[in-house]
Amino acid sequence: ERKLERLFRRSEVTRLVKKSNDFGAGGVSVAIGELADGLDIYLDRVKTKYSGLNSTELAISESQERMSVVVEAKDMEEFMGYCREENIEAVHVADVTDTARMRMFNGDRKVVDLKREFIDSAGARHYAEAKVGEVENRNPFVREIAGDTLAARFENNLRDNNVVSQRGLVEMFDSTIGRSTVLMPFGGRTQRSETQVSVQKLPVDGYTETASIMAYGYNPFLTSWSPYHGAAYAVVEACAKVVAAGAEFGGMRFSYQEYFERMHTARSWGKPLAALLGALRMQVELGLPSIGGKDSMSGTFQHINVPPMLMAFGITTVDAGTVISTDFKKAGSRIYLVRHTPKENYMPDTAQLKANFGFVSGQIESGKILSAWSVGFGGVAEGLAKMAFGNRIGAEVTTDESRLYEYAYGSILVESDGELDFPAAELLGATVADEALTVNGVRMPLEELYRANTERFATVYPDKGINSAEVMTAAPAT
């Protein structure tokens, strides 16, 4: 991957490339077959890891970390020379033709000969009846957390499977590869505050402040209640995470990952239909297009079905200098919740969201907002704790406990250096030097909260940051 990155960073290389595609699940038939209307593909020239593959296997086998590119015939040797300089193997495997047919050859034998018109038609037309099911009449954002006291409920919320820290698992992957990482997976001087976005500087020669920023959104419980609402809030969640990290949402582009049960009834077909309509509504109202996606309708094993899923991945660019992390920065700051209030039918209020996002982006750019957290699975309670963990800066907060744990997608918890004058900004409290969260007068030490948030998966994915080695000592030579 690094070799390919270096190759495509060279302007003399990219000027030669007319079109490019990456290899994925469809193998040669897709990665090369999509490049032009007329193609002659030579399967026997394709480099393989294993020998003895037949024509079908060569045509459709998945292969990663490969690219197919189109260059003019006169530029082929020059392009291959650049590939050799980067120690990349390049092979001439196909020719563009004017036949409007995709033909595949294995040695002297022609094994595929299809009209492009037929390929583009996706074969015979398919029809299905879809019925969008009714939605249970209840508030989908309320969460009941077990516990006899506020402290017990607060800790149990941090133990939730969807809130608990996955630090040990995250540390199995090297986030510093490529030296482009702007935000580490965990921030603060203790590296305990989770990061909600991926921010990477663009791989260019020389210095740049331009970075990509990406986030995702999805809640299986909300989407199981209503795929329409769930897909809408997946888009909203991704937007809110990007805004909370310092970027503007208006330039975001989306890719949707869909996963549903096997389609066998009108009601099962209604689930992806509802999800796509919910996502489309957010695209229209927020002005944010989807430029790709991937779907699967095979999430069924005997009587077990996956929950309906439309996960939204949103990406845009940002000036790395304006990016902020999630950890509280100092004692004495004010803590606000820039709250999103859903409509009466529980759908997002996009007019309010656009106003809220614009306000937060402006305050981050001006330097007034020091840190921020997009409220997610664990509600405001999760955000307060995880913002406090990174620098061991506590907080004193007074708020309605029943709203601490609810889903509040689109809302952003912020640390402000001064007062925020905005209708949706609710003052919750302030940061303090005491290493504890005090909520409605109940003091909860940060170390106990952190233990509750990290102990569940610690035996399976141990925290690599814990130093369990014996301390080395040295004595002066005699």
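Side-chain atoms are counted along with the backbone in the values below, which use heavy atoms only and exclude waters and symmetry mates.
- Using a 4.5 Å heavy-atom threshold, the side chains of S193 and F328 count as separate.
- Rounding to the nearest 0.5 Å places OG1 of T316 at 9.0 Å from CG of L288.
- In this structure, the side chain of Q352 engages the main chain of T341 through a donor-acceptor pair within 3.5 Å.
- The side-chain heavy atoms of M67 and F23, taken from C-beta on, include no pair separated by under 4.5 Å.
- Remark: side-chain polar atoms of S371 are not paired, donor with acceptor, to backbone N or O of S325 under 3.5 angstrom.
- M80 is linked by a side chain to side chain contact (heavy atoms under 4.5 Å, CB included) to M76, R84, A90, H92, counting only residues two or more places apart in sequence or in another chain.
- When side chains are defined from C-beta on, F377 counts as touching Y409, because their heavy atoms get closer than 4.5 Å.
- Here the side chain of R116 pairs a donor or acceptor atom with the backbone of A36 at under 3.5 angstrom.
- Looking only at side-chain heavy atoms (C-beta outward), M252 and C239 come within less than 4.5 Å of each other.
- With 3.5 Å as the limit, one finds a donor-acceptor pair spanning the side chains of Q200 and T181.
- Side-chain N or O atoms of N106 include none that pairs as donor or acceptor with a backbone N or O of R109 at under 3.5 Å.
- A donor-acceptor pair is defined here as one N or O able to donate and one able to accept, closer than 3.5 Å; no such pair exists between the side chain of T317 and the backbone of A211.
- A distance-only check finds a donor-acceptor pair linking the side chain of H229 to the backbone of N345 [under 3.5 Å].
- Using bins of under 30°, 30° to 60° and over 60° for the plane-to-plane angle, the ring pair F422/F359 lands in the parallel bin.
- Although no hydrogens or angles enter the test, the distance criterion places no donor-acceptor pair under 3.5 Å between the side chain of S20 and the main chain of V69.
- Salt bridge absent: E415 and K329 never bring a charged side-chain N and a carboxylate O closer than 4.0 Å.
- Between the side chain of T48 and the backbone N or O of Y50 there is at least one donor-acceptor pair closer than 3.5 Å.
- Remark: side-chain polar atoms of R189 are paired, donor with acceptor, to backbone N or O of N391 under 3.5 angstrom.
- F389 and Y450 have perpendicular rings, their planes meeting at more than 60° on a 0 to 90° scale where under 30° would count as parallel.
- Pairs passing the salt bridge (Lys or Arg N to Asp or Glu O under 4.0 Å) check and including a residue from residues 218-242, sequence neighbours excluded, read E237-K241.
- Between the side chains of Y228 and R281, a donor-acceptor pair is found at a separation under 3.5 Å.
- Salt bridge status for R101 with D113: present, with a side-chain N to carboxylate O gap under 4.0 Å.
- Of the possible polar contacts, one joining the K386 side chain to the V163 backbone as a donor-acceptor pair under 3.5 Å is found.
- Once rounded to the nearest 0.5 Å, the distance linking CD1 of I324 with CD1 of I364 reads 3.5 Å.
- By the neighbour-count criterion of 12 heavy atoms within 6.0 Å, atom CD of E12 is densely surrounded, having more than that number from other residues, nucleotides or ligands.
- For V28 against L58, the heavy-atom pair with the smallest separation is CG2-O, 3.6 Å.
- The only member of K330, K368, Q363 that meets side chain to side chain donor-acceptor pair (under 3.5 Å) when paired with D417 is K330.
- With values rounded to the nearest 0.5 angstrom, D40 atom CG is found 11.0 Å from M102 atom CE.
- With hydrogens and angles left out, the side-chain atoms of T300 and N305 include a donor and acceptor closer than 3.5 Å.
- Judged by the 6.0 Å distance and 45° axis criteria, R167 is not positioned over the aromatic ring of Y461.
- Here the shortest heavy-atom pairing between G217 and A238 reads N-CB, 4.1 Å.
- Using a 4.0 Å cut-off between charged nitrogen and carboxylate oxygen, R6 and E86 count as a salt-bridge pair.
- In summary, E134 and R267 engage in a salt bridge, as defined by a charged side-chain N under 4.0 Å from a carboxylate O.
- Salt-bridge formation is not detected for the pair K19/E34: no Lys NZ or Arg NE/NH1/NH2 atom is positioned less than 4.0 Å from an Asp or Glu carboxylate oxygen.
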Item to check | Steps toward ring-ring contact (aromatic ring centres under 6.0 Å, His included) verdict (Y218, Y259) | outcome: CA-CA 12 Å; Y218 171 63; Y259 193 28; over 10 Å; no
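- Shown here are the salt bridge (charged side-chain N to carboxylate O under 4.0 Å, His left out) partners of E406, two or more places apart in sequence or in another chain: R339, R403.
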